[in-house]
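If you read the sequence from its start, that first residue is 1, and numbering goes on from there.
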Amino acid sequence: MRAVGLSTHIWANNTRSILLLAGFPVLLVAMLYGVQLILLGLGWYEGTGQGLGADMALAASWLGYTVPLAAVIAAVWFVIAYLGHQAMIDAFTGARKVDRKSEPELYNMLENLSISRGLTTPTLRIIETDGLNAYASGLHAGRYSVSVTRGLLNTLTPDEIEAVLAHELTHVINKDVRTMVIAAIFAGIISVIAELVFRGLFYAGRGRGSKNTNAGPLILIGIAFAVIGFALAIVIRMMLSRTREYVADAGAVELTKNPDSMISALRKIEGRSSVRAPDELQAMFLDNQPDGRGLEGLFATHPSIEKRVKALVEFGGGRDPGKWTPPSAAVEPAYETAVPTS
């Protein structure tokens, strides 16, 4: 955290946002080409009869007609996503808007933190789930939102809740939130579109014969483009550098002047952050840990709680109380004693 400057971090996130926007139509064109190759392989269109290279060139020539159409579709999607991204996120996560009247203490916390940084208070939302988590969303000032789960409110102390709100507000200040929304809504939809399109093509191709001698290679190459589309969508989500969580943790400490509350909040959230939401949105949450299957950690969007706590102890001067056990199952004390690190 010590090596990360705020201005540099904000600049890097602005750059990533531009790259994410530029990457969306590029992925769309690549997937479109793959679809055209599969259509040739399945016999929906007649090939050249002059070999694999000629058929691939034929499919590429169609891009002159299909790319403008894809560009129009992409532009329409951008407009829809820009205007309705919050509604989409709310629909996926179940978040609902609350105000000062319904949640006075929570609203006042967020308002006070926002005023301390001269910001317009983001819209406050609550997700009715037992999981302990939170996220910030929005694309520009006046449309930012901070959402927290009911489980988090029922489990954390007021100081810990304030630290979580400060963490999410730091994402807003650092422009992390814009990058995350772009990845979740704009780039993340790529994987959904790819899956739906290619499933539809294979179902449609059942029983339809192809006289093209290059059918097998064309289909395989088309599938390769689909795989590349999926992989690049993941890479784009990985552009949401894990360092953003370290910086947001540090920002919470700066806002609240209370590293111990951020640490204890993370300890309570550890292992209890599960919230039902698409993978593309999970990257936006305060915590999103891999489930232990496959190459655990390789494609993780967040550093482990252990690493985040260690950073706060080392650089923020906080105290680690150790892993937390819920009071209903606790054998006093509620926290396991942390093992000192050298």
Side-chain angles (χ1 to χ4, degrees), residues 1-2 4 6 103-117 119 121-122 124-127 130-136 146-174 176-177 243-273 275 284-289 302-328 330 332-341:
M1 291 191 295
R2 184 179 294 166
V4 179
L6 181 58
E103 296 287 343
E105 293 184 11
L106 185 64
Y107 189 94
N108 288 338
M109 282 185 191
L110 183 60
E111 184 179 54
N112 291 337
L113 289 169
S114 300
I115 291 173
S116 71
R117 285 297 181 266
L119 300 175
T121 305
L124 185 60
R125 286 176 162 81
I126 290 181
I127 307 171
D130 292 334
L132 277 58
N133 226 318
Y135 66 86
V146 171
S147 303
V148 298
T149 64
R150 182 65 66 184
L152 187 119
L153 298 179
N154 290 339
T155 305
L156 272 57
T157 66
D159 284 347
E160 293 165 348
I161 293 172
E162 183 182 45
V164 169
L165 293 176
H167 172 104
E168 298 306 331
L169 198 59
T170 301
H171 282 310
V172 172
I173 296 170
N174 293 355
D176 281 335
V177 59
T243 59
R244 76 186 189 278
E245 293 303 329
Y246 290 118
V247 175
D249 289 342
V253 173
E254 182 183 4
L255 279 169
T256 63
K257 312 300 181 186
N258 189 349
D260 289 348
S261 290
M262 188 69 242
I263 292 173
S264 59
L266 290 173
R267 282 303 190 186
K268 288 183 178 180
I269 291 167
E270 186 175 18
R272 302 170 184 85
S273 62
V275 175
M284 297 171 54
F285 282 86
L286 173 68
D287 182 49
N288 176 35
Q289 296 302 314
H302 292 58
S304 68
I305 294 293
E306 199 69 39
K307 290 180 179 179
R308 292 166 68 177
V309 167
K310 183 177 180 181
L312 285 171
V313 171
E314 182 176 355
F315 298 108
R319 183 183 64 85
D320 179 13
K323 294 185 181 297
W324 182 76
T325 303
S328 60
E332 294 296 334
Y335 286 97
E336 296 178 12
T337 303
V339 179
T341 57

What distance do [X] atom [atom1] and [Y] atom [atom2] have between them, rounded to the nearest 0.5 Å?
| X | Y | atom1 | atom2 | answer |
| --- | --- | --- | --- | --- |
| E160 | L132 | CD | CG | 10.0 Å |
| N258 | S264 | CG | OG | 7.5 Å |
| T256 | D159 | OG1 | CG | 8.5 Å |
| E245 | L266 | CD | CG | 9.5 Å |
| T155 | I269 | OG1 | CD1 | 9.5 Å |
| E162 | N112 | CD | CG | 8.0 Å |

With sequence neighbours left out, write down each residue that passes side chain to side chain contact (heavy atoms under 4.5 Å, CB included) with [X], or none if nothing qualifies.
| X | value |
| --- | --- |
| A248 | H167, T170, H171 |
| V253 | P259, M262, L312 |
| S116 | L255 |

Donor-acceptor check, side chain of [X] to backbone of [Y], threshold 3.5 angstrom: yes or no?
| X | Y | answer |
| --- | --- | --- |
| N174 | D176 | no |
| E168 | A136 | yes |
| N133 | D287 | yes |

If you look at every heavy atom in [X] and [Y], which pair is closest and at what distance?
| X | Y | answer |
| --- | --- | --- |
| A252 | A166 | CA-CB, 3.7 Å |
| P321 | I263 | CD-CG2, 3.7 Å |
| A134 | V148 | CB-CG1, 3.8 Å |

Atom CG of N108 with >12 non-hydrogen neighbours under 6.0 angstrom: yes
Measure the shortest side-chain to side-chain distance between S114 and L169 over non-hydrogen atoms and say whether it is less than 4.5 angstrom. yes
Min side-chain heavy-atom separation I126-L106 under 4.5 Å: yes
If you apply the rule side-chain contact (heavy atoms from CB on, under 4.5 Å), what do you find for R125 with E103, and how did you get there? CA-CA 10 Å; R125 286 176 162 81; E103 296 287 343; over 6 Å; no
Inter- and intrachain pairs under salt bridge (Lys or Arg N to Asp or Glu O under 4.0 Å), touching residues 251-262, at least two apart: R117-E254
Please lay out, stage by stage, how I305 and V309 fare under the test side-chain contact (heavy atoms from CB on, under 4.5 Å). CA-CA 6 Å; I305 294 293; V309 167; 4.0 Å; yes
Y135 vs I127, side-chain contact (heavy atoms from CB on, under 4.5 Å): CA-CA, chis, key distance, verdict: CA-CA 10 Å; Y135 66 86; I127 307 171; 3.5 Å; yes
Which residues share a salt bridge (charged side-chain N to carboxylate O under 4.0 Å, His left out) with E270, sequence neighbours left out: R267, K323
List the residues meeting salt bridge (charged side-chain N to carboxylate O under 4.0 Å, His left out) with R272, not counting sequence neighbours, and say none if there are none. none
